[in-house]
Each structure stands twice: as C-alpha cells, then as structure tokens.
Amino acid sequence: MIMRRAGQRAQGGSGSGPERALIAASFVNRVGNGLFNTAAVLYFTFVVHLPAAQVGAGLTIAGLCGLAAGIPAGNLADRYGPRAIWLTSLALQAATMAAFVFIDSWLAFTLVATLDRLAATAGGAAGGALVARVGGERPAAFRARLRTFVNLGVVVGTLGAAFAIQVDTRSAYTGLILANAASFACAGLIAFLGVPNYRPLPRPEEHRRWSVLTDRPYVSFVAIYSAMGLQYQTVSLLLPIWLSAHTDAPRWTVAAVYAINSGVCVLFQSRLGSKVETPRQGGRAFRLAGLLFLVSCPLMALTADVPAWVAPALAGLAVCIHSIGEVWESSGGYALGFGLAPDHAQGQYQGLLGIGFDAGQALAPVVLTGAVLALGHPGWLLLGLFLAAVGAAGPPVAAWTERTRPGEPGPEAPVRRRQNESPLEEADR
C-alpha cells in the first residue's frame, strides 16, 4: 500500500514526468503554430499567388470538413488509448504542413488544408482525452500550467514569425512552414518518450459511440462554451479593426493589445486556473468571466471617443480586464468540459466539445464584423450583454449536468482521478 501511494505521487502528482512531457510537447507544438499562423495568409497570397477570396473560401471549406473527425477520433481514443491517436494525428499534421510547400493551385491548397483540419480536429479530441488521463490528483493545476505554456509557445512562435515577415522572401515563409511541420514531429517524439500509453478504461454496457449526442446537459454546456468563444476573436479580430478604422489611436496600439492579452494570460493562468477544480467552481468561473466581458466590451467601444493619446491606455485597460475574463472562462471550460465527461468516454466528449468550439470560431468573424461593427457602440454593448448572459448560464447548466451523473462524487469533489489507480498502473509497461 505504501509503495502504491508513492507511485501515485511520483507518477500522478503535480509536476510528474508525464505532465512535464505533455506540457513540453504542447509548448513545442504551439511554437510551430505561432510561426505558421502569423504568416500563413501572407504565404498563400504573396508566395503561392492565390487571391485572398480563394484563400478564405478554402479555409472555410477545410474548417467545415474538419468538424467531421471530432467524435469518431474521440471514440478511437477511448477504444485504443488516447496517446496512439494523438501521435497519429501529429504525424499526419507534420505531413500535411510540409505539403503546403508544394501547392501551386487553389484545389491543391483546399485539399491539403482539409486533410490538415481533419487531423487537427482528431488531435484535439485525442489530446483532450490524454490531458484528462495525465492530470493526476490536481487536474486543475495541471491544466492551468499546460495552458500557460501553450500561450507562451504561441507568443514565442509569433515573435519568430515577425522576423520572417520582415525578410519577406519565399525562402523565409517556406522556413516557417517547415518549422511548423518539424514542431509536430518533435512534439510527437516528446510525447512518445515521456507520456505513458494509457490503457482504455472499461466501458459500461450502455455506452454507445454517439452517446454524447444524447447527453442533453452536456450538449447544452457545449453550446454555451461555443457561444462564449466569441470573446477570443473580440481581441484578435474585432478590436484591431475597431482601433484602425474608428479611433485615432497609433497603429502600434494593435500590436500592444496582442502583447497585453498574451502577457496577462501567461501571468495569471496558473494563479487563477488552479483554483477552478470542480464543475460547480467551473460554472462560477464562467459567470465571473461574463461579467468581466460586460465591463471590457463597452470600454473597447469608448476608445473611439477619447483623444489619440488616451486611446492606447484605455484599450490596454480594456484588454487587461478582458484577458482576466479569458483566464476565468478557459478555466471554467476546462473544469466543466473534463469534469462532466465520463472517464471512459473522454475522447468522445472532447470530440464534441472541439466541434462546438471550432464551429463557433468559424461563425465568429461573421457575427463580430457583420453585427457588432455594423451597429457601432450599441453593438459593443450588446456583445458584452450577450457574453454576460452566456456566462450566467454556467452555474445552472453545471448543476443540471451534475444531477444527471448518478454515483459521481459530490459537486465539490475533484473532477478527475476518480479511479484509485495511478497513471503507472494504468499504462502499458
């Protein structure tokens, strides 16, 4: 018994080997994503010479097709183990990313982008299931550290891409793409060497491959989680357009708000996110996030009504508040998304969660630019009210979902590690 508990602390506790390996793999992967995403549109338009409209259409087609992989890949992760499916998706993404170097037509671009999104969606479902297994006895703290390094990786990659954009040559852009392809391969190697090959958990007789679609409380959570996802593109898309077109703020303000958003998330994710461990706490975090967005959105709108020297400071204040809300929202989403999913079906449930989030992100540009920008100041206020209302739905949805989980721990019990087995005992030796 003493040796078993020691094994639990060594393998499943805070800072365990599997946790560090998964964090390192995710960090490397996101550095590559930051390198590519920052310059992708420039590469496809200025190097491949595709019209911007064709690039947008191809990415839309790829994004919609990619949604189809979520639940099937999650089922595979539940059946064969999440690591195998995640590693397979990383290998596929390494191949599709490298293939972008050779495209010379819109059809080839759309085909490769579609295969890439299918692999990415599958990786999201399997990766979510893997995070659930690696989380140990303090899953909230682990997920907070993981998200901190994910954010940091994107920042590092974005800074690296800035040099290639400044050089502005085909070779520089090609280097970014190949570096992203290499990041998928390196992430897979790190995970292969450092993350155990967890065995699938026993499934009850009533389990079905599409059970998540009949879980109405969880589907409701996915709906509000997807709607709340508008807040991400509020800072990355809506605010930069607003600052450029409707305010007298200096152009560098756009870069500053990106830096502030990333910096606040990196600094506070672990401090705040580690406190959100249970579904009930997740619901409260969602509500708090909505209230912060209700404050930040009108402040962003007011940047159009102040002098040029005040606008950057006001935008920075608004983004600070919004970023704290983002930390609470992501932490609440983790606690609810993982904690309300059955242990044996984490892959399937993470697959649906990923589908909902990706669909919301695909619709976000249309909603934000077509509705909020068109309405101006009232649009910003309506956006804040909408996000606050979605956040207010967090606690009742969490309570409803918990009531449908017979035999689960109480609402204040940790959301993971319901088994008494350590990751070492669960993994293939």
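Only heavy atoms go into these numbers, but all of them, side chains included; no hydrogens, no water, no symmetry mates.
- Between the side chain of Arg133 and the backbone N or O of Arg199, at least one donor-acceptor pair lies under 3.5 Å.
- Applying the salt bridge (charged side-chain N to carboxylate O under 4.0 Å, His left out) test to pairs two or more places apart or on separate chains, none has a residue in residues 348-376.
- Applying the side-chain contact (heavy atoms from CB on, under 4.5 Å) criterion to Ser330, with sequence neighbours excluded, gives Arg147, Tyr232, Gln269.
- Tyr218 approaches Leu336 most closely through the heavy-atom pair CE1-O, 4.1 Å.
- Applying the salt bridge (charged side-chain N to carboxylate O under 4.0 Å, His left out) rule to pairs touching residues 230-243 yields nothing, sequence neighbours excluded.
- Taking the ring centre of Phe268 as origin, the terminal cationic atom of Arg271 falls inside the region bounded by 6.0 Å and 45° from the ring axis.
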task = Check the pair Leu368, Leu383 against side chain to side chain contact (heavy atoms under 4.5 Å, CB included), reporting the backbone distance first and the verdict last.
result = CA-CA 9 Å; Leu368 295 177; Leu383 176 61; 4.0 Å; yes
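- At least one side-chain heavy atom of Leu237 sits less than 4.5 Å from a side-chain heavy atom of Pro365.
- Between Leu243 and Leu239, some side-chain heavy-atom pair lies under the 4.5 Å cut-off.
- Of the possible donor and acceptor atoms, none in the side chain of Ser26 sits under 3.5 Å from a partner among the backbone N and O of Ile23.
- Partners of Thr114 by side-chain hydrogen bond (donor to acceptor under 3.5 Å, both in side chains), not counting sequence neighbours: none found.
- Between Pro18 and Tyr198, some side-chain heavy-atom pair lies under the 4.5 Å cut-off.
- Residues forming a side-chain hydrogen bond (donor to acceptor under 3.5 Å, both in side chains) with Tyr349 (at least two apart in sequence, or on another chain): Asp215.
- Here Ile321 contributes atom CD1 and Leu291 contributes atom CG; the two are 12.5 Å apart, rounded to the nearest 0.5 Å.
- The two residues Gly337 and Gln350 make their nearest non-hydrogen contact at O-NE2, 3.1 Å.
- Ser262 places none of its side-chain heavy atoms less than 4.5 Å from the side chain of Asn151.
- Between atom SG of residue Cys265 and atom CD1 of residue Ile324 there is a gap of 8.0 Å, rounded to the nearest 0.5 Å.
- Between Phe293 and Phe386, a ring centre-to-centre spacing not shorter than 6.0 Å is recorded.
- Not a single side-chain hydrogen bond (donor to acceptor under 3.5 Å, both in side chains) links Ser89 to another residue, sequence neighbours left out.
- In this structure, Asp78 contributes its side chain and Gly347 its backbone to a donor-acceptor pair below 3.5 Å.
- Atom CG in Leu152 sits 12.5 Å away from atom CZ in Arg30 (nearest 0.5 Å).
- Between Ser220 and Ile224 there is no side-chain heavy-atom pair separated by less than 4.5 Å.
- In this model, a donor atom of one side chain and an acceptor atom of the other lie less than 3.5 Å apart for Thr148 and Ser270.
- One distance of note links OG1 of Thr247 with CG of Leu302; it measures 12.0 Å at 0.5 Å rounding.
- With sequence neighbours left out, Trp328 forms a side-chain hydrogen bond (donor to acceptor under 3.5 Å, both in side chains) with no residue at all.
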request  = Determine, stepwise, if the pair Leu90 / Trp86 fulfils side chain to side chain contact (heavy atoms under 4.5 Å, CB included).
outcome  = CA-CA 6 Å; Leu90 290 176; Trp86 193 55; 4.0 Å; yes
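- The closest side-chain heavy-atom distance from His322 to Gln231 is below 4.5 Å.
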task = Check the pair Leu238, Trp380 against side chain to side chain contact (heavy atoms under 4.5 Å, CB included), reporting the backbone distance first and the verdict last.
result = CA-CA 10 Å; Leu238 181 60; Trp380 280 100; 3.6 Å; yes
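- One distance of note links CG of Leu363 with CD of Gln233; it measures 10.0 Å at 0.5 Å rounding.
- Across all their heavy atoms, Thr253 and Pro312 have their closest contact at OG1-CG, 3.6 Å.
- Considering all non-hydrogen atoms of both residues, Ala125 and Gly351 come closest at CB-CA, 3.6 Å.
- The two residues Thr234 and Met300 have their closest heavy-atom pair at CG2-SD, 4.0 Å.
- Judged by distance alone, with hydrogens and angles left aside, the side-chain atoms of Glu329 form no donor-acceptor pair with the main-chain N or O of Gly325 at under 3.5 Å.
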message = Test side chain to side chain contact (heavy atoms under 4.5 Å, CB included) on Leu22 and Phe142; report intermediate values, then the result.
response = CA-CA 10 Å; Leu22 189 55; Phe142 165 63; 3.9 Å; yes
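- With rounding to the nearest 0.5 angstrom, the CH2 atom of Trp242 is 13.5 Å from the OG1 atom of Thr369.
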For residues 178-194, which side-chain N or O atoms pair as donor and acceptor with protein atoms under 3.5 Å away, sequence neighbours left out?
unit_1	atom_1	unit_2	atom_2	d
Asn180	OD1	Asn33	N	3.3
Asn180	OD1	Asn33	ND2	3.4
Asn180	OD1	Ser183	OG	3.2
Ser183	OG	Asn180	O	2.6

Let me check something: any side-chain donor-acceptor pairs from residues 48-74 under 3.5 Å, sequence neighbours excluded? List them with distances.
unit_1	atom_1	unit_2	atom_2	d
His49	ND1	Phe46	O	3.4
His49	NE2	Val47	O	3.4
Thr60	OG1	Gly56	O	2.9

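- Around CZ of Phe27, the count of heavy atoms belonging to other residues, nucleotides or ligands within 6.0 Å exceeds 12.
- For residues 46-56, the set of pairs meeting the salt bridge (charged side-chain N to carboxylate O under 4.0 Å, His left out) definition, not counting sequence neighbours, is empty.
- Pairing each heavy atom of Leu387 with each of Cys297, the nearest pair is CD1-SG, 4.3 Å.
- Identified under the salt bridge (charged side-chain N to carboxylate O under 4.0 Å, His left out) test for residues 100-110, with sequence neighbours left out: none.
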Return a table of donor-acceptor pairs under 3.5 angstrom between the side chains of residues 92-99 and protein atoms on other chains or two or more places apart.
unit_1	atom_1	unit_2	atom_2	d
Thr96	OG1	Leu92	O	3.2
Thr96	OG1	Gln93	O	3.1
Thr96	OG1	Asp116	OD1	3.0

